[in-house]
Protein chains: 2
Amino acid sequence: MDQNSLPPIQTTARDDAVLKALVGFVSAEALRPGERLPTERILAERLKVSRNTVREALTRWEGLGLVERRQGSGTYLKAAVSPDMLHLPLTLAGGNDFTSLMQTLEIRRALEAEAAALCAERASPADMTEIERKLDIMEQAFRTRDGMSSEEDWEFHQAIYRVSGNPLFEQIIAAMHELFHRFWEHPLGVRDFGHASFPYHRTIYERIAARDPQGARAEALKLIATVEDDLKRGAAKLKFLGQT
Amino acid sequence: MDQNSLPPIQTTARDDAVLKALVGFVSAEALRPGERLPTERILAERLKVSRNTVREALTRWEGLGLVERRQGSGTYLKAAVSPDMLHLPLTLAGGNDFTSLMQTLEIRRALEAEAAALCAERASPADMTEIERKLDIMEQAFRTRDGMSSEEDWEFHQAIYRVSGNPLFEQIIAAMHELFHRFWEHPLGVRDFGHASFPYHRTIYERIAARDPQGARAEALKLIATVEDDLKRGAAKLKFLGQT
DNA sequence: AGTGGTCCAATGGTCCAACCAATTTCTACA
DNA sequence: TGTAGAAATTGGTTGGACCATTGGACCACT
């Protein structure tokens, strides 16, 4: 039997309907991020549903990062809303241990390489200027403080993601960045952590400037490889010292 | 059930506290996906919180795909829950259009290549047997139906993600698979959609079997490239016909 | 033994009315 | 005119009620 010939019927879908109505409202009113939505009480009255139902719908949107609620103030739009959005809720089993850090690094390696390659294909002259500016700032910070600067480093990489033309790169890696950051603060006792990765920032930039996707991909892979090496050294050191 | 695994929560930040308490409960009871959570009324009573607050917390979890609620039956765990989860709500603007499909394909290309490379490094003999089995099934289905079979094809790729040793690959791509699937059903009028990618499944397998990470990476990139080409052809065709 | 029907308790879904807590706005006083 | 305090606004929480669906128990009939 064809499985699709008997789809489950849809009986009740109150809050989904509320969501749909909200999408329609935001579109009709042309609300832009930062603007305030009607109050829950007004929405409940207009949509002829209880305030509880409105709240469930808004809770969903809040979970998706589409909306921010401020008690006493109101509910504010945080991102553009369109009728044909697609949501991919991901929950990663994170953690601070060596294994999960390596796993997130593997994901980052994959995305970093691809973003660099796409960047090399698509960067406009203006884009290149912007990336070079971020690179200069990063190198300057490196020389001044004689060490990797996670903040300027991160901005350089973000610029590449942005120029890649695919917002998903930045979204995914940004979500994992918190994890990296937490870890960056305590570099496992490896004093020169991140030093090895420094030169590859410029080589990546050069490959992008040369419109060489494969070269950019290769350099990005080398960069992440050095970070992985540092991570492994740190883990080995901790293990040697008997820590977890 | 252990009474002490659901202690009353502290004041302020109610629903976040409820979520934290729920995480603790699931951990303490070692609940596995598919098992049923306590009813909302019981949770409300144990946590000394109103049922509405419990519902808001569960709505969050439902939005994250962690939990499924069935009226009249109960609330069921859909995924493993750990205290240090990382939530990553991705929102794609535009559902079925060409741009967002290409964007997800770019992500998939990145992850597919990396997973194949890792797979080539880490696959055990048993793993290789499993992958080859999936490959045979897929090729069999291809010859029988004279066309790509999204189901068997998907299983082959999943096997690779699994053998890569990094669950994040499967999680991220699985989250996007729904999009691919919806699209696969309506291949944009390209009759032989996916045909071109067929031979690369075996070449990927061969590179993995040969313990050749770079080769596996290259073959995976070729596979996705054929899919992208099909997608572009389909988009051009639609544009030619004046559709959207 | 199996089939279908009926009933009933459990459970999530919705609603209401009130109050709490944070924020904003208005107002009266110095 | 400036500012502290009152009042209104708004999201957060509570408790209670009822509805819709589910799934098991029980029963009559074949």
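Per chain, numbering begins at 1; letters A, B, ... match sequence-line order. Heavy-atom basis, side chains included; hydrogens, waters and symmetry copies ignored.
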Using OP1 and OP2 only, check whether a side-chain N or O of [X] sits under 4.0 Å from [N].
X       : N      : result
B/Ser73 : D/dT22 : no
B/Arg51 : D/dT13 : no
A/Arg69 : D/dT10 : no
B/Thr75 : C/dT11 : no
B/Thr53 : D/dT14 : yes

Interface with DNA chain C, restricted to residues 18-35 of chain A and to heavy atoms under 4.0 Å: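 Correct list: empty, so none.
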Pairs flagged by salt bridge (Lys or Arg N to Asp or Glu O under 4.0 Å) wherever residues 17-34 of chain A is involved - sequence neighbours left out: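 Pairs touching residues 17-34 of chain A that pass the test: none.
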Sugar-phosphate, base or nothing in reach of B/Arg41, heavy atoms under 4.0 Å: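 Since a base atom lies under 4.0 Å of B/Arg41, the category is base.
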Test salt bridge (charged side-chain N to carboxylate O under 4.0 Å, His left out) applied to B/Lys78 and B/Glu62, step by step: CA-CA 9 Å; B/Lys78 273 181 66 180; B/Glu62 191 183 27; over 6 Å; no
Distance (rounded to the nearest 0.5 Å) between B/Ile172 CD1 and B/Thr104 OG1: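 Between atom CD1 of B/Ile172 and atom OG1 of B/Thr104 there are 13.5 Å.
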5′-ward residue of the pair A/Asn52/A/Arg70 relative to DNA chain D: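 That would be A/Arg70.
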Under 3.5 Å: donor-acceptor pair, side chain of A/Asp127, backbone of A/Val163: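 The answer is no, because no donor-acceptor pair under 3.5 Å joins these two groups.
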Closest to side chain of A/Glu40, choosing from D/dG12, C/dC15, C/dG12: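 Output: D/dG12.
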Distance-only polar pair, side chains of A/His157 and A/Glu112, donor-acceptor under 3.5 Å: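 Per modelled atom types, A/His157 and A/Glu112 side chains form a pair under 3.5 Å.
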In residues 40-50 of chain A, what donor-acceptor pairs under 3.5 Å come from side-chain atoms, sequence neighbours left out?
unit_1  : atom_1 : unit_2  : atom_2 : d
A/Glu40 : OE1    : A/Arg51 : NE     : 3.0
A/Glu40 : OE1    : A/Arg51 : NH2    : 3.1
A/Glu40 : OE1    : A/Arg55 : NH1    : 3.3
A/Glu40 : OE2    : A/Arg55 : NH1    : 2.9
A/Glu40 : OE2    : A/Arg69 : NH2    : 3.4
A/Ser50 : OG     : A/Asn52 : N      : 3.1
A/Ser50 : OG     : A/Thr53 : N      : 3.3

